[in-house]
Amino acid sequence: MIRVVLADDEALMRAGVAAILAADDAIEVVAEAGNGREAVDQALATRPDVVLLDIRMPVLDGLAAAEEIRRVLPDTGVIMLTTFGEDAYIERALGLGASGFLLKSGDPRELLAGIHAVAEGAAFLSPKVAQRVIARLSGGQLARGAAARSRVAALTPREREVLTLLAAGLSNADIAAKMFVVEGTVKAHVSTILNRLGARNRVQAAITAYEAGLVGGEAPSA
């Protein structure tokens, strides 16, 4: 079972999301919260696989809650589920270590797919959010090609191979199957890659891979 903590200050919205998740037999909502502080407390109490966080919540907003949860529970995936898709929110959420960013206006199937992906160690962005991230990369606002290539150069050939597959959206299990190694080996490689790249999560590592030209063609020059 994928154990989930659901946080949103609107009770009706929480009920709707909980109903969507209940349709998936592999997902269990173990706790709900009405603000960011409650979300952190419930995450500490239940140690879920994934925490779904609204951004605008009282007491402690979702971004601050995400930062705290990632600090104290590094093995718990964080997904931002929000009405607001502004670039500043997206960048800050990913920078704080969120592994997913979904819009409440999206297809419910995206929500279920995102939870499964993040629980398996992958990252997941709703299509609209992914388009905005790619557009900003292509537009040069986040492009740091030279610096990214320098960081990637510090990786071994095997680690670069893992990074390329990670950036393509593969989970640890998928990478292990493709490389004919055990999943524990992939986890070790990913940990080393994040450390050497100075990345806080897989999303940041994937962006570095894009900027360095490992995937999606050559990244724009910095």
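What's counted below: heavy atoms across the whole structure, side chains too, no hydrogens, waters or symmetry copies. Here the structure is a predicted model, which is why all the values come from computation and not from measurement.
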Participant: Can a donor-acceptor pair be found, under 3.5 Å and without considering hydrogens, that links the side chain of Asn35 to the backbone of Glu38?
Facilitator: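 Yes.
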
Participant: Give me the atom names and distance for the closest heavy-atom approach of Ala33 to Ala39.
Facilitator: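 Looks like CB-N, 3.4 Å.
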
Participant: Is any side-chain heavy atom of Ile69 closer than 4.5 Å to one of Leu53?
Facilitator: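 The answer is yes; the side chains approach within 4.5 Å.
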
Participant: Taking NZ, NE, NH1 and NH2 as the nitrogens, is one of them in Arg14 or Asp9 under 4.0 Å from a carboxylate oxygen of the other?
Facilitator: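 Here Arg14 does not pair with Asp9 in a salt bridge, since their nearest N and O are not under 4.0 Å apart.
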
Participant: Not counting sequence neighbours, which residues clear side-chain hydrogen bond (donor to acceptor under 3.5 Å, both in side chains) with Glu161? List them please.
Facilitator: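 With sequence neighbours excluded, Glu161 shows a side-chain hydrogen bond (donor to acceptor under 3.5 Å, both in side chains) to Arg158, given in chain and number order.
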
Participant: What residues form a salt bridge (charged side-chain N to carboxylate O under 4.0 Å, His left out) with Glu68, not counting sequence neighbours?
Facilitator: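 Result, salt bridge (charged side-chain N to carboxylate O under 4.0 Å, His left out) vs Glu68: Arg37.
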
Participant: Which heavy atom in Ser171 sits nearest to a heavy atom in Ala122, and how many Å separate them?
Facilitator: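 Shortest heavy-atom contact: CA-CB, 4.2 Å.
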
Participant: Nearest 0.5 Å, please: how far is CG in Asp24 from CZ in Arg109?
Facilitator: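 The distance works out to 13.5 Å.
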
Participant: Between the side chain of Arg3 and the main-chain N/O of Arg47, is any donor-acceptor distance below 3.5 Å?
Facilitator: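 Yes, because the side chain of Arg3 sits within donor-acceptor range (under 3.5 Å) of the backbone of Arg47.
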
Participant: Give me the one residue out of Val5, Val78, Leu21 that meets side-chain contact (heavy atoms from CB on, under 4.5 Å) with Leu52.
Facilitator: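 Checked Val5, Val78, Leu21 against Leu52; only one passes side-chain contact (heavy atoms from CB on, under 4.5 Å): Leu21.
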
Participant: With a 4.5 Å limit on heavy-atom distance, are the side chains of Leu214 and Val152 in contact?
Facilitator: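 Counting from C-beta outward, Leu214 and Val152 do come under 4.5 Å.
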
Participant: Determine yes or no for a side-chain-to-main-chain donor-acceptor pair under 3.5 angstrom, with Glu110 supplying the side chain and Gly106 the backbone.
Facilitator: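 Answer holds: no.
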
Participant: Is the closest side-chain heavy-atom distance between Val4 and Asp49 below 4.5 Å?
Facilitator: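 A side-chain contact is absent here, since even the closest heavy-atom pair is not under 4.5 Å.
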
Participant: Roughly how far, to the nearest 0.5 Å, is CG of Leu163 from CZ of Arg196?
Facilitator: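 Arg196 CZ to Leu163 CG: 12.0 Å, rounded to 0.5 Å.
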
Participant: What is the minimum heavy-atom distance between Val118 and Gly77, and which atoms define it?
Facilitator: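 Closest approach of Val118 to Gly77, heavy atoms only: CG1-CA, 3.6 Å.
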
Participant: Side-chain contact test, heavy atoms from C-beta onward, threshold under 4.5 Å: evaluate it for Ile2 versus Glu28 and give yes or no.
Facilitator: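 With C-beta onward as the side chain, the pair stays apart.
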
Participant: Consider side chain to side chain donor-acceptor pair (under 3.5 Å). Of Glu120, Arg202, Glu183, which one does Asn172 pass it with?
Facilitator: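 That would be Arg202.
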
Participant: Taking atom CE of Met179 and atom CG of Leu170, what is their separation to the nearest 0.5 Å?
Facilitator: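 If I round to the nearest 0.5 Å, the distance is 11.0 Å.
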
Participant: Without swapping roles, check the side chain of Thr164 against the backbone of Arg160 for a donor-acceptor pair under 3.5 Å.
Facilitator: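 Judged by distance alone, yes, a pair lies under 3.5 Å.
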
Participant: Is the closest basic N to carboxylate O distance between Arg70 and Asp75 below 4.0 Å?
Facilitator: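 Result for this pair is no, no salt bridge flagged.
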
Participant: When you measure from the side chain of Thr46 to the backbone N and O of Val30, does any donor-acceptor pair fall under 3.5 Å?
Facilitator: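 Not confirmed, Thr46 side chain does not pair with Val30 backbone.
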
Participant: Can you name the closest pair of heavy atoms from Val50 and Ile115 and give their distance?
Facilitator: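 That closest heavy-atom pairing would be CG2-O, 4.0 Å.
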
Participant: Taking the side chain as everything from C-beta on, heavy atoms only, tell me whether Thr185 gets closer than 4.5 Å to His189.
Facilitator: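 Yes, side chains in contact.
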
Participant: Quick check for you: to the nearest 0.5 Å, what is the distance between Thr82 atom OG1 and Arg56 atom CZ?
Facilitator: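 Rounded to the nearest 0.5 Å, the OG1-CZ separation comes to 7.5 Å.
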
Participant: Would you call Lys178 and Asp174 a side-chain contact if the rule is heavy atoms closer than 4.5 Å?
Facilitator: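 Heavy-atom side-chain distance check fails, nothing below 4.5 Å.
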
Participant: Can you find a heavy atom in the side chain of Leu102 that is under 4.5 Å from one in the side chain of Met80?
Facilitator: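 No, side chains not in contact.
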
Participant: CG/Leu194 to CG/Asn201 distance, rounded to the nearest 0.5 angstrom?
Facilitator: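 Here the interatomic distance stands at 7.5 Å.
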
Participant: Looking at side-chain heavy atoms only, is the closest gap between Val17 and Asp8 below 4.5 Å?
Facilitator: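 No, every pair of side-chain atoms sits at 4.5 Å or beyond.
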
Participant: Taking all heavy atoms of Leu63 and all of Asp61, pick out the closest pair and write down the distance.
Facilitator: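 Nearest pair, atom of Leu63 first, then Asp61: N-OD1, 3.1 Å.
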
Participant: Using every non-hydrogen atom in the two residues, find where Ile79 and Phe101 come nearest and quote the distance to one decimal.
Facilitator: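 Answer, listing the atom of Ile79 first, then Phe101: CG2-N, 4.4 Å.
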
Participant: According to a 4.5 Å side-chain heavy-atom criterion applied to Ile, Leu, Val, Met, Phe, Trp and Tyr, with indirect links allowed, do Val181 and Leu155 form part of one hydrophobic cluster?
Facilitator: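 In one cluster with Val181: Leu155, yes.
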
Participant: Examine Leu103 and Leu81 and state if one hydrophobic cluster contains both, with Ile, Leu, Val, Met, Phe, Trp and Tyr joined whenever side-chain heavy atoms are less than 4.5 Å apart.
Facilitator: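 Result: no, two separate clusters.
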
